Amino acid sequence: MEPVEGSHEHSDYIGAKIGMWLFLFTEVLLFGGLFLCYAVYRHRYAQDFHSAAHELNAVLGCVNTLVLLTSSLTMALAISALQKNRPGLSRFYLWATIGCAVIFLGIKYVEWGAKIHHGIYPGSEHLMANFNPGERLFFGLYFSMTGLHGLHVIIGGIVLLCVERIVAKLPRGEDPGESGTVTIIENAGLYWHLVDIIWVYLFPLYYLLT
Amino acid sequence: MKDVMETTAEKPHASPYGTYILVWLCLMGLTGLTVAVSGVHLGNWNAAGAVAIASTKAAVVIWYFMHLRYDKSIFRWMVLVMIITLGIILGLTFIDSTVRGPF
């Protein structure tokens, strides 16, 4: 039987993307609930939230913002490169994105390490003895929200590693659009950009409102 | 004929690298702006300003990096419905918690 023109095995490009967006919406609701918590408690303990924010290192937070925004750029470039059938360039940009993820997590490790070293972590003796209830809530929310976000960065990094392997194994001369690889890298990119967007909100709300 | 048209519409759109560099510079600039604004004491307006700038950055990321600008209109509608839903959930719950008095 003659194959119908325009129909091929991996043709449901739009369907795959809709599925990815629907998943992203559930992620938005997950973080949305936490942002709601933040807003309610910030409104209730405005003064405590202001004083607690002084404890955070705004310079490290800012550097991390620049790192994640840059990783979003390299992610977009990796997708563009594969769409233009340049797998080698795409892999270079994917590694750059993964590198940014590692730098981000390294800075986060230093930040969390310093806080924990100074006795600031949920339920610590120092926190319970020397801080107001609102300040304790601030740090509880800080650790849970940046922690959940950091988990997403780790998962995103692993996903990007898998995508890099898939692109590396593309047979020579094969159109990445036809084999569905472009769909895979685009959906991984959507996830990565969402992780970036969440940090875009976390950064000013925790580090800058002092 | 119709089939052929649908197939071309489903082809992913490749954007020029230059556009992405400009978008990235714009995001860097907005980050600088949000840091600068936080240095000025505006009371409650500091939080509003921070959220407004962050939302601008998020919109830029969604529009260019997440390809909403180039994708089919169904994606724009989906994102719009999601933002409105989130706005209703967050907005109404927040207002409720502020007018209800102490826990």
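Just so we're clear, the structure is a prediction, and the values are computed from it rather than from any experiment. Naming convention: chains lettered A, B, ... in sequence-line order (proteins, then strands); numbering from 1 in each chain. In what follows, every heavy atom counts, from backbone to side chain, and hydrogens, waters and symmetry copies are set aside.
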Where A:T210 and B:H41 come nearest, the two heavy atoms and their spacing: O-CE1, 4.1 Å
Atom group of A:I18 that falls short of 4.5 Å from chain B, counting heavy atoms: both
Distance in Å, A:H50 NE2 paired with B:N46 CG, rounded so as to fall on 0.5 Å steps: 7.0 Å
Nearest heavy-atom neighbours spanning A:I197 and B:M66: CD1-SD, 3.8 Å
Among A:L73, A:T70, A:L69, side-chain contact (heavy atoms from CB on, under 4.5 Å) partner for B:L27: A:L69
More than 12 heavy atoms from other groups under 6.0 Å of CZ on A:F92: no
Heavy-atom closest contact (B:A54 atom, A:V200 atom, distance): O-CG1, 3.5 Å
Minimum side-chain heavy-atom gap A:L24-B:M82 below 4.5 Å: no
Rounded distance (nearest 0.5 Å) linking atom NE2 of B:H67 with atom NZ of A:K17: 6.5 Å
From CG (A:L194) to CD1 (B:I62), nearest 0.5 Å: 8.0 Å
Among A:A46, A:S72, A:G33, residue most engaged with chain B (heavy-atom pairs, under 4.5 Å): A:S72
Closest non-hydrogen atom pair, A:A81 against B:Y17: CA-OH, 3.5 Å
Options A:L209, A:I79, A:L208, ranked by heavy-atom pairs under 4.5 Å with chain B, top entry: A:L208
Proximal component of B:D71, with respect to chain A [non-hydrogen, under 4.5 Å]: side chain
Heavy-atom pair with the smallest gap, counting every atom of A:A76 and B:Y20: O-CE1, 3.7 Å
Nearest-0.5 Å distance that lies between atom OG1 in B:T85 and atom CZ in A:F25: 8.5 Å
B:F75, part contacting chain A, at a heavy-atom distance under 4.5 Å: side chain
For B:L86 against A:G32, the heavy-atom pair lying closest together: CD1-CA, 4.3 Å
Modelled atom types, side-chain donor and acceptor of A:Y207 and B:S38, under 3.5 Å: no
Pick from A:L205, A:L82, A:V28, A:L29 with the largest number of heavy-atom pairs that fall under 4.5 Å of chain B: A:V28
Region of B:I53 that comes under 4.5 Å of a non-hydrogen atom in chain A: neither
Portion of B:L42 that has a non-hydrogen atom of chain A nearer than 4.5 angstrom: neither
Contact class of A:L89 relative to chain B, heavy atoms under 4.5 angstrom: side chain
Top of B:A47, B:G32, B:S55 for chain A proximity - count of heavy-atom pairs under 4.5 angstrom: B:S55
Segment of B:V79 engaging chain A (4.5 angstrom heavy-atom cut-off): both
Pick from A:L77, A:L22, A:I198, A:D196 with the largest number of heavy-atom pairs that fall under 4.5 Å of chain B: A:L77
Side chain, backbone, both or neither of A:T65 within contact of chain B (heavy atoms, under 4.5 Å): side chain
Which atoms of B:V51 approach chain A - backbone, side chain, both or neither, heavy atom under 4.5 Å: both
Which atoms of B:T34 approach chain A - backbone, side chain, both or neither, heavy atom under 4.5 Å: both
Backbone N/O of B:S97 and side chain of A:R44: donor-acceptor pair under 3.5 Å: yes
A:L148 atom CG, neighbour heavy-atom count above 12 within 6.0 Å: yes
Qualifying ring-ring contact (aromatic ring centres under 6.0 Å, His included) pairs, either residue in residues 153-197 of chain A, two or more places apart: A:H193-B:F65
